[in-house]
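The structure under discussion appears below in the form of structure tokens.
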Amino acid sequence: RVGDMGLSTELAYSLRPDSKLSSVKLAADKRLGDAYQLNLGLVHSVGSGDTQYTSALNKSLGSFAMGANLSYSASAGYAVGLQFFMATSREPREPQWRFSAQPKADTGAASVRVFVDSNGNGEMDAGEEPIQNAALTVNGNRAPAKTNADGLAWLEHLPIRQHLDIAVDTQTLEDPYWIPLRKGVS
């Protein structure tokens with residue numbers, strides 16, 4: 001990905017009965033403003049010589065997205081389609097479902113609780129105060145979520161299979177003398 005444009009290629013091989021190149025794919029996508037994405041692609045089948053051309057325009061509407069696509073190949077002719085995209089997740093500590101136009105299956109998420117740990121045991125006990133409106137950082141970068149009245153924040157679209165350091169952004173704490181026991185949680 002370079003800026004707001006992405007390019008990808010794919011080569012497919014058949015291994016049996018003879019190993020040979022079976023198809024070549026080229027795809028490009030470009031963001032058009034904040035809510036639109038244009039996709040163009042082609043797939044060439046080496047065996048049949050047929051080439052399929054594709055185009056799509058998708059619009060993100062926050063919690064879901066819609067798209068229209070058109071494809072053409074000499075063997076199949078024209079095809080037109082409409083798509084609806086929506087991904088769901090659930091914050092495990094609250095009975096609330098969350099919806100997004102962005103895929104969630106290949107990303108991670110974390111439920112984070114921020115509170116005044118009066119006895120220093122690392123667990124929220126009865127009588128310990130949740131901290132509202134605390135911002136969090138992930139690997140040093142400000143996360144888009146802040147804690148709610150129960151001290152909970154839901155972080156999603158996190159990278160998977162890599163080390164993450166989630167920490168409280170101390171500049172957002174109401175009391176300047178509140179200091180996290182640990183700098184971050186990995």
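Bear in mind that the values here come from a model prediction, so they are computed numbers and not experimental data.
Pairs engaging residues 60-83 under the ring pair (Phe, Tyr, Trp, His ring centres under 6.0 Å) rule: F64-F84, Y72-Y78 [sequence neighbours left out].
S118 places none of its side-chain heavy atoms less than 4.5 Å from the side chain of E129. Between V116 and E128, every side-chain heavy-atom pair lies at or beyond the 4.5 Å cut-off. Taking the side chain as every heavy atom from C-beta outward, R113 and P130 never approach each other to under 4.5 Å. No side-chain heavy atom of Q37 sits less than 4.5 Å from a side-chain heavy atom of K30. Using a 4.5 Å cut-off on side-chain heavy atoms (C-beta onward), W154 and S89 make contact. Using a 4.5 Å heavy-atom cutoff, the side chains of N119 and D125 are in contact. Counting heavy atoms from C-beta on, the side chains of P180 and T170 come closer than 4.5 Å. Between L173 and V168 the shortest side-chain heavy-atom distance falls below 4.5 Å.
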Audit row: L158, V138, side chain to side chain contact (heavy atoms under 4.5 Å, CB included) steps and yes/no: CA-CA 9 Å; L158 298 174; V138 178; 4.1 Å; yes
Test side chain to side chain contact (heavy atoms under 4.5 Å, CB included) applied to V112 and L136, step by step: CA-CA 9 Å; V112 179; L136 301 161; 4.0 Å; yes
Residues Y36, N58; criterion side chain to side chain contact (heavy atoms under 4.5 Å, CB included); working and verdict: CA-CA 6 Å; Y36 290 93; N58 300 314; over 6 Å; no
Steps toward side chain to side chain contact (heavy atoms under 4.5 Å, CB included) verdict (S22, V46): CA-CA 5 Å; S22 57; V46 176; 5.8 Å; no
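Taking CG of N69 as the start and CG of L82 as the end, the distance is 7.5 Å to the nearest 0.5 Å. Atoms OG1 and CD, on T172 and Q132 in that order, are 12.0 Å from each other to the nearest 0.5 Å. The CG atom of L21 lies 8.5 Å from the OG atom of S14; values are rounded to the nearest 0.5 Å. Considering CG of L155 and NE2 of H157, their distance stands at 11.0 Å, rounded to 0.5 Å. Expressed to the nearest 0.5 Å, how far NE2 of H44 lies from OG1 of T51 amounts to 4.5 Å. Taken from OG in S71 to OH in Y53, the straight-line distance is 12.5 Å, to the nearest 0.5 Å.
With hydrogens and angles ignored, the 3.5 Å screen pairs a side-chain donor or acceptor of N139 with a backbone N or O of D165. A side-chain donor-acceptor contact under 3.5 Å links S100 to the backbone of Q102. Using a distance-only test at 3.5 Å, with no hydrogens or angles considered, a donor-acceptor pair links the side chain of R93 to the main chain of S111. Side-chain atoms of D117 come within 3.5 Å of backbone atoms of G122 as a donor-acceptor pair (strictly under, hydrogens ignored). In this structure a side-chain-to-backbone donor-acceptor pair under 3.5 Å is present from T147 to N133.
By the salt bridge (Lys or Arg N to Asp or Glu O under 4.0 Å) test, D150 is found to be paired with no residue, residues two or more places apart in sequence or in another chain being considered. Judged as a salt bridge (Lys or Arg N to Asp or Glu O under 4.0 Å), and not counting sequence neighbours, K59 has no contacts. Contacts of N148 classified as side-chain hydrogen bond (donor to acceptor under 3.5 Å, both in side chains), with partners at least two apart in sequence or in another chain: E94. Legend: residues meeting side-chain contact (heavy atoms from CB on, under 4.5 Å) with I160, ordered by chain and number and at least two apart, are absent. Evaluation of the salt bridge (Lys or Arg N to Asp or Glu O under 4.0 Å) rule for R142 yields D169 as partners, not counting sequence neighbours.
Under 3.5 Å, the side chains of S45 and D50 contain no donor-acceptor pair of N or O atoms.
W97 and M86 fall within a single hydrophobic cluster, where Ile, Leu, Val, Met, Phe, Trp and Tyr side chains are chained together by heavy-atom contacts under 4.5 Å. Both F99 and L61 are assigned to one and the same hydrophobic cluster, defined by single-linkage of ILVMFWY side chains at heavy-atom distances under 4.5 Å. The hydrophobic cluster containing V114 does not contain M124, counting ILVMFWY residues as joined when their side-chain heavy atoms lie under 4.5 angstrom apart, directly or transitively. A chain of hydrophobic side-chain contacts below 4.5 Å, direct or via other Ile, Leu, Val, Met, Phe, Trp or Tyr residues, connects L42 to V80. The same ILVMFWY cluster, assembled from side-chain heavy atoms under 4.5 Å apart, contains both L26 and L70.
With respect to E156 and K104, a salt bridge is recorded, a charged nitrogen being found less than 4.0 Å from a carboxylate O.
Counting heavy-atom neighbours within 6.0 Å of E174 CD, excluding the residue itself, gives a total of 12 or less.
Residue Y177 comes nearest to D175 through the heavy atom pair N-OD1, 2.8 Å, listed as atom of the first residue, atom of the second, then distance. Heavy-atom minimum distance, A134 versus I131: CB-CG2, 4.1 Å.
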